[in-house]
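What follows is a set of notes on a single structure, which appears directly below.
In listed order, ligands and their atoms are each counted from 1.
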Amino acid sequence: MNRLFSYFYNMKTIKSWSPGRINLIGEHIDYNDGYVMPAAIDKGTQFEITINGSDNMVDIHAQNIDDSVKFKIGEAHGLPMWAKYLYGVLMELRKYGADIGGFSATFSGDVPIGSGLSSSASLECSFAYGLDKLWDLHLDDWQIIKACQKAEHNYVGIKCGIMDQFASIKGRSGNVMRLDCRDLSYQYLPCNLGSYQLVLLNTHVSHELATSAYNDRRTQCESALNKIQDKYENIKSYRDFDLNFLESTQNILSDIEMHRARHVITEIQRVLSASDALLAQDMVTLGKLMYGSHESLSHDYEVSCSELDALVHYTRQDDKVLGSRMMGGGFGGCTINLVHEEHIETFINRIKQQYYNAYGIELTAYQLNISDGAQIII
Ligand code: GLA
């Protein structure tokens with residue numbers, strides 16, 4: 001009865017938007033107490049959500065694919081994948097005691113799916129942000145960020161880190177953020193790249209098994225750290241030792257664990273150096289660190305693929321490109337490239353041709369603007 005009352009007297013509708021993200025450097029270390037340097041982009045997901053007056057009936061329409069679901073809160077079964085993200089968000093918000101009743105929602109988005117630009121965080125965060133405002137939940141940003149991350153862990157099955165949801169909520173126009181994933185402190189760093197710009201190249205491949213491979217990497221890193229901790233009690237995380245120390249533990253780690261841990265340790269150092277380089281506007285150093293990150297992701301962490309490696313390789317013949325690497329979870333998606341602003345068109349055309357000749361696939365290039373994070377649209 002209360003909800004019916006609020007429906008007729010408030011007829012509340014809200015429109016929310018939350019972006020996808022890029023990541024300048026710091027890959028696969030958000031779940032290893034590392035640092036990351038993401039930024040929100042000007043592509044995202046928009047929701048319109050209206051209280052429908054029922055106690056727990058929800059209907060959601062996905063405009064891009066013209067698909068709909070209806071369920072009762074707490075009683076959903078057999079949902080399509082896109083709806084699992086949303087159901088997960090809803091259930092995780094309820095764990096905070098959020099009293100969310102029935103509603104109707106519709107959404108659309110322009111973050112290319114499977115491109116490593118985190119369309120999923122954009123979906124979750126826009127939804128959570130909208131529900132928070134619609135039901136006056138007054139959750140803080142970190143509660144929303146963590147609920148969205150947990151939705152992926154508990155309802156989708158990806159044990160993701162916190163980077164994507166953090167970027168989608170906390171993004172600030174013109175800035176990348178350096179997030180310390182150990183204590184969640186962060187700084188905004190103006191993304192001044194001098195006469196260089198970031199260009200993304202989408203391989204348009206998204207290899208199977210990415211989810212299980214992602215979770216496997218996480219397990220391998222945990223197991224390497226556990227073995228080290230068993231022997232050295234003072235080690236709490238990957239932040240407590242360097243590469244020399246890691247190499248001294250060779251006899252207790254498997255080959256795979258050694259490689260995974262080496263990526264984590266070296267990538268943490270690369271992010272620190274990259275944020276110094278960005279502040280000093282030293283694009284040459286930043287570019288070298290991006291190449292270093294790719295090598296490590298490809299050889300030590302083994303989350304690249306032939307298409308991503310090829311795109312990075314093609315840039316090495318071009319002195320107008322300072323850096324290139326795979327971005328996001330890997331196994332497909334985009335590379336991020338640091339390219340001289342006067343050379344962007346030539347660069348894109350040349351790489352398009354090379355990639356098409358090798359794989360028969362038309363890649364898409366994006367020059368994205370760095371935008372603000374989640375917002376309510378008036
Ligand atoms: C995905 C995850 C993030 C992060 C990246 C790799 O985008 O959602 O948490 O681990 O992969 O850096």
CA sep, side-chain torsions, deciding dist, call: Asn52, Ser54, side-chain hydrogen bond (donor to acceptor under 3.5 Å, both in side chains)
CA-CA 6 Å; Asn52 66 14; Ser54 76; 2.9 Å; yes
Between [X] and [Y], does at least one N-O distance fall below 4.0 Å, as a salt bridge requires?
X: Asp141; Y: Lys146; value: no
X: Arg262; Y: Asp300; value: yes
X: Arg270; Y: Glu267; value: yes
X: Glu257; Y: Lys227; value: yes
X: Lys288; Y: Glu295; value: no

Strictly under 4.0 angstrom, heavy-atom based: which residues surround ligand 1?
Arg21, Glu27, His28, Asp30, Tyr31, Cys160, Gly161, Met163, Asp164, Tyr214, Gly328, Gly329
